[in-house]
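Below, chain A is the first sequence line, B the second, and so on; all start at residue 1.
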2 protein chains.
Amino acid sequence: MSTTSAATLDSIFSALADPTRRAIVARLATGEATVLELAAPFDISLPAISRHLKVLEHAGLISRGRDAQRRPCQLRAEALDEITRWTLHTREAWSDRFERLDDYLKTLQSKPRKVKNRNDRKKK
Amino acid sequence: MSTTSAATLDSIFSALADPTRRAIVARLATGEATVLELAAPFDISLPAISRHLKVLEHAGLISRGRDAQRRPCQLRAEALDEITRWTLHTREAWSDRFERLDDYLKTLQSKPRKVKNRNDRKKK
DNA sequence: CGTATATTTAACCATTACGTTAATTAGCTA
DNA sequence: TAGCTAATTAACGTAATGGTTAAATATACG
């Protein structure tokens, strides 16, 4: 465990799928905080917060230190970066597909699909 | 409803938390595809794929057209942009916190780690 | 018409996720 | 030591998720 960041995209995405956990992450983006501090804004029990933190930690989104009986949490931005990387990469592929738009349009013409209204003027 | 993306971050993140759905999204990033085409690489049943697609559609990540009995799916990149926006924004806040590093270091000095004799009798 | 193809819906089952309250551990402080 | 404070673990209920098979729907084709 220790400084593990073998966290999967699965665990990172699903950690961030919960609004409470996203709020915690957003809060931690401004600096580290203890469990009680993180719990304060929410209307749920401390054990629930504790489990949210465990999920975040498992996803590599936070790490925890120790200060007496407190366990201050810290954001690990690399996990965020992983999300960004995947998303931007996918987005880029999506944009790139327009490179083949010409071919695509030609395909449309040479292979007439079952279009009933064939009077549509394909603009090229 | 229609093609509006009132989809929440919750639904987008949790849609992408599943590896099958991420693979589908990645596939769709290269261009539209039918349900059968999307299902081909996977070892799960068609109904399962169908439900994955519904989740993605609900999250605003895909839209579906109609071509005879086929329902071609298309990626809606705006949903991807939304998570990029959230993630980068959060990441930025994390980086920005170093702006206050000087203050923070001063705080550390004036208030050494083990603060035993704090005179704050403040109660909440 | 009847059949094939593409996809969805229904009904069901196992597992996971998220919340609760009560009890427990850990570390200070008097 | 006892008694705080901080946080976690235990035990439990309920709802959501992800998979299955069987049946239903929609459209095209001969």
Side-chain angles (χ1 to χ4, degrees), chain A residues 1 8 10-24 28 32-59 61-74 111-118, chain B residues 8 10-24 28 32-59 61-74 112-124:
Chain A
M1 315 337 172
T8 63
D10 273 44
S11 62
I12 304 176
F13 270 115
S14 84
L16 294 176
D18 183 276
T20 301
R21 288 194 291 262
R22 274 201 311 284
I24 289 176
L28 287 176
E32 72 172 39
T34 68
V35 176
L36 275 185
E37 286 166 350
L38 290 172
F42 302 105
D43 201 17
I44 61 180
S45 68
L46 219 42
I49 296 291
S50 187
R51 291 183 57 181
H52 280 308
L53 292 175
K54 187 171 287 181
V55 171
L56 289 170
E57 189 176 26
H58 228 93
L61 278 158
I62 68 172
S63 63
R64 328 233 229 166
R66 183 160 264 244
D67 168 27
Q69 65 254 212
R70 262 145 261 141
R71 244 136 296 195
C73 302
Q74 218 185 328
K111 187 171 32 171
R113 292 254 61 158
K114 317 296 173 126
V115 182
K116 307 200 167 199
N117 276 337
R118 295 227 78 225
Chain B
T8 63
D10 273 44
S11 63
I12 304 176
F13 270 115
S14 85
L16 293 176
D18 183 277
T20 302
R21 288 194 291 261
R22 275 203 311 284
I24 288 175
L28 287 176
E32 73 171 40
T34 68
V35 177
L36 275 184
E37 286 165 350
L38 291 173
F42 302 104
D43 202 17
I44 62 180
S45 67
L46 222 39
I49 296 289
S50 187
R51 291 183 54 181
H52 280 308
L53 292 175
K54 187 172 287 181
V55 171
L56 289 170
E57 188 176 26
H58 232 93
L61 278 159
I62 68 171
S63 63
R64 312 161 95 154
R66 183 160 264 246
D67 169 28
Q69 67 253 214
R70 262 144 263 143
R71 244 135 300 199
C73 301
Q74 221 186 326
R113 251 200 292 276
K114 307 267 185 177
V115 200
K116 307 193 172 189
N117 281 339
R118 291 255 308 263
N119 281 342
D120 57 344
R121 279 294 188 231
K122 282 186 165 178
K123 307 157 190 174
K124 306 189 174 179

Euclidean distance, B:Leu61 CG relative to B:Leu28 CG, rounded to 0.5 Å: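 Separation between the atoms: 10.0 Å.
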Rounded distance (Å) that lies between atom [atom2] of [N] and atom [atom1] of [X]:
X: A:Leu46; N: C:dT20; atom1: CG; atom2: P; value: 10 Å
X: B:Leu53; N: D:dG18; atom1: CG; atom2: P; value: 13 Å
X: A:Leu56; N: D:dA7; atom1: CG; atom2: C1'; value: 16 Å
X: B:Arg71; N: C:dT7; atom1: CZ; atom2: P; value: 7 Å
X: A:Leu36; N: C:dG27; atom1: CG; atom2: P; value: 16 Å
X: A:Ile44; N: C:dC18; atom1: CD1; atom2: C1'; value: 9 Å
X: A:Phe13; N: D:dT17; atom1: CZ; atom2: C1'; value: 18 Å
X: A:Asp18; N: D:dA16; atom1: CG; atom2: P; value: 14 Å

Show your working on side chain to side chain contact (heavy atoms under 4.5 Å, CB included) between A:Arg64 and A:Cys73 and close with a plain yes or no. CA-CA 5 Å; A:Arg64 328 233 229 166; A:Cys73 302; 4.0 Å; yes
Could you tell me if the side chain of A:Leu38 sits less than 4.5 Å from the side chain of A:Thr34, heavy atoms only?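 A side-chain contact under 4.5 Å is absent here.
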Please examine the side chains of A:Val35 and A:Leu53, heavy atoms only from C-beta on, and report whether any two atoms are closer than 4.5 Å.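 Yes, their side chains come closer than 4.5 Å.
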Starting the side chain at C-beta, find the nucleotide from [options] nearest to [X].
X: B:Thr20; options: C:dT9, C:dG19, D:dG19; answer: D:dG19
X: A:Gln69; options: C:dA6, D:dT5, C:dT8; answer: D:dT5
X: A:Val35; options: C:dT20, D:dA7, C:dT9; answer: D:dA7
X: B:Ala68; options: D:dT8, C:dG27, D:dA28; answer: D:dA28
X: B:Arg64; options: C:dT20, D:dG19, C:dT7; answer: C:dT7

Between [N] and [X], is there an OP1 or OP2 to side-chain N/O distance shorter than 4.0 Å?
X: A:Lys54; N: D:dA7; result: no
X: B:Ser45; N: D:dT20; result: yes
X: A:Arg66; N: C:dG27; result: yes
X: A:Arg21; N: C:dC18; result: yes
X: A:His52; N: C:dG19; result: yes

Looking only at heavy atoms, the pair that brings B:Phe42 and B:Ala23 closest together is CZ-CB, 3.5 Å
Between B:Ser14 and A:Glu37, whichever has its closest DNA chain D nucleotide further toward 5' is A:Glu37
Just checking B:Thr34: base, sugar-phosphate only, or nothing, at a heavy-atom cut-off of under 4.0 Å?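 B:Thr34: backbone/sugar contact only, no base atoms under 4.0 Å.
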Is there a side chain to side chain contact (heavy atoms under 4.5 Å, CB included) between A:Ile62 and A:Gln74 once you walk through the steps? CA-CA 5 Å; A:Ile62 68 172; A:Gln74 218 185 328; over 6 Å; no
Going by modelled atom types, is there a donor-acceptor pair between the base of C:dG19 and the side chain of A:Arg51 at under 3.5 Å?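 Donor-acceptor pair under 3.5 Å: yes.
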